[in-house]
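Report on the structure given below.
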Amino acid sequence: AAGVIQSPRHLIKEKRETATLKCYPIPRHDTVYWYQQGPGQDPQFLISFYEKMQSDKGSIPDRFSAQQFSDYHSELNMSSLELGDSALYFCASSPGLAGETYEQYFGPGTRLTVT
Amino acid sequence: GENVEQHPSTLSVQEGDSAVIKCTYSDSASNYFPWYKQELGKRPQLIIDIRSNVGEKKDQRIAVTLNKTAKHFSLHITETQPEDSAVYFCAASGSGTYKYIFGTGTRLKVLA
């Protein structure tokens with residue numbers, strides 16, 4: 001079965017550079033979530049989209065922005081990178097039908113290293 | 001704000017013994033409680049979940065119980081095996097837009 005696809009899988013950037021992470025949800029899933037997981041920590045919710053509209057916002061820095069496109073893929077744009085942004089970034093998708101909570105399917109993650 | 005507490009942070013058991021991990025959530029609007037297993041550097045994998053209209057759910061060696069009144073839910077793994085060794089996260093969802101609030105994780109070691 002098709003799974004969530006994330007690219008790139010690994011990314012190395014220098015401080016103050018920008019990075020773009022991409023997420024392709026499972027077909028027919030219209031909700032996408034982004035999580036950041038630092039070393040030894042639990043995943044922290046950043047932002048979510050439902051039907052191409054931002055549906056919720058968590059602890060996402062102002063330096064980050066994201067959007068969901070007409071084909072439901074999503075991109076997380078990160079600017080002015082800091083050392084503390086080094087983490088695993090997971091994208092998850094779900095059917096996201098209104099009024100119900102569904103299982104979120106996680107992608108393999110993008111490991112971002114900022115040097 | 002929304003919060004999920006998880007205990008213990010580390011747990012070592014002998015192969016064949018049982019393991020129990022407990023979580024407490026703060027948001028009474030939460031109605032969905034998944035448990036994820038995560039191996040080092042890998043994605044979280046759902047192992048079992050429970051909705052708020054159910055008190056207990058079992059899948060082979062894994063069971064989850066939910067006490068809505070106390071806002072507690074627990075993961076029970078019986079007959080543990082070395083391959084059960086991983087970090088386990090509980091999560092709560094259902095308030096607003098269904099994002100997950102994760103617990104802080106439990107590192108389970110099953111000793112052969």
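Chain letters run A, B, ... following the sequence lines, proteins first, then strands; residues in each count from 1.
Residue B:Pro34 does not touch chain A at all, counting heavy-atom pairs closer than 4.5 Å. Contact of A:Gln41 with chain B is made through the backbone alone, with heavy-atom distances under 4.5 Å. Only the side chain of B:Gln38 comes within contact range of chain A, judged by heavy atoms closer than 4.5 Å. Of the two parts of A:Phe90, only the side chain, counted from C-beta on, holds a non-hydrogen atom closer than 4.5 Å to a non-hydrogen atom of chain B. Heavy atoms closer than 4.5 Å to chain B are found nowhere in A:Gln44, neither backbone nor side chain. Both the backbone and the side chain of B:Phe102 have a heavy atom closer than 4.5 Å to some heavy atom of chain A.
In this structure, B:Tyr32 is not a member of the same hydrophobic cluster as B:Val64, with clusters built from ILVMFWY side-chain heavy atoms closer than 4.5 Å. When the side chains of ILVMFWY residues are joined at heavy-atom separations under 4.5 Å, either directly or via intervening members, A:Tyr24 and A:Phe69 end up in two distinct hydrophobic clusters. Criterion: ILVMFWY side-chain heavy atoms under 4.5 Å apart, direct or through other members. Under it, B:Tyr88 and B:Val20 are not part of a common hydrophobic cluster. Residues A:Met78 and A:Ile60 share a hydrophobic cluster, clusters being chains of Ile/Leu/Val/Met/Phe/Trp/Tyr side chains in contact below 4.5 Å. In terms of hydrophobic clustering, with Ile, Leu, Val, Met, Phe, Trp and Tyr side chains grouped at heavy-atom distances under 4.5 Å, B:Ile48 and B:Phe73 are assigned to a common cluster.
Separating the OH atom in B:Tyr98 from the OG atom in A:Ser55 is a distance of 10.0 Å, to the nearest 0.5 Å. B:Leu46 contributes atom CG, which lies 8.0 Å from atom OH of A:Tyr105 (distance to the nearest 0.5 angstrom). Atom NZ of B:Lys99 and atom OG of A:Ser94 lie 13.5 Å apart (nearest 0.5 Å). Considering OH of B:Tyr36 and CD of A:Glu103, their distance stands at 5.0 Å, rounded to 0.5 Å.
The environment of A:Asp62 atom CG is sparse: at most 12 non-hydrogen atoms of other residues, nucleotides or ligands sit within 6.0 angstrom. Crowding of A:Lys13 atom NZ: a count of heavy atoms from other residues, nucleotides or ligands under 6.0 Å exceeding 12. Applying the 6.0 Å contact sphere to CD of B:Glu83 captures more than 12 heavy atoms from other residues, nucleotides or ligands. Counting non-hydrogen atoms of neighbouring residues, nucleotides and ligands closer than 6.0 angstrom, the CD atom of B:Glu79 reaches no more than 12 such neighbours.
Counting only distance, with no hydrogens or angles, the side chain of A:Tyr35 and the backbone of B:Tyr100 share a donor-acceptor pair below 3.5 Å.
In this structure, B:Thr104 and A:Asp42 approach most closely via the heavy-atom pair CA-OD1, 3.9 Å. A pairwise comparison of heavy atoms in A:Arg111 and B:Gly41 identifies NH2-CA, 3.8 Å as the closest pair.
No side-chain heavy atom of A:Phe45 sits under 4.5 Å from any side-chain heavy atom of B:Glu2.
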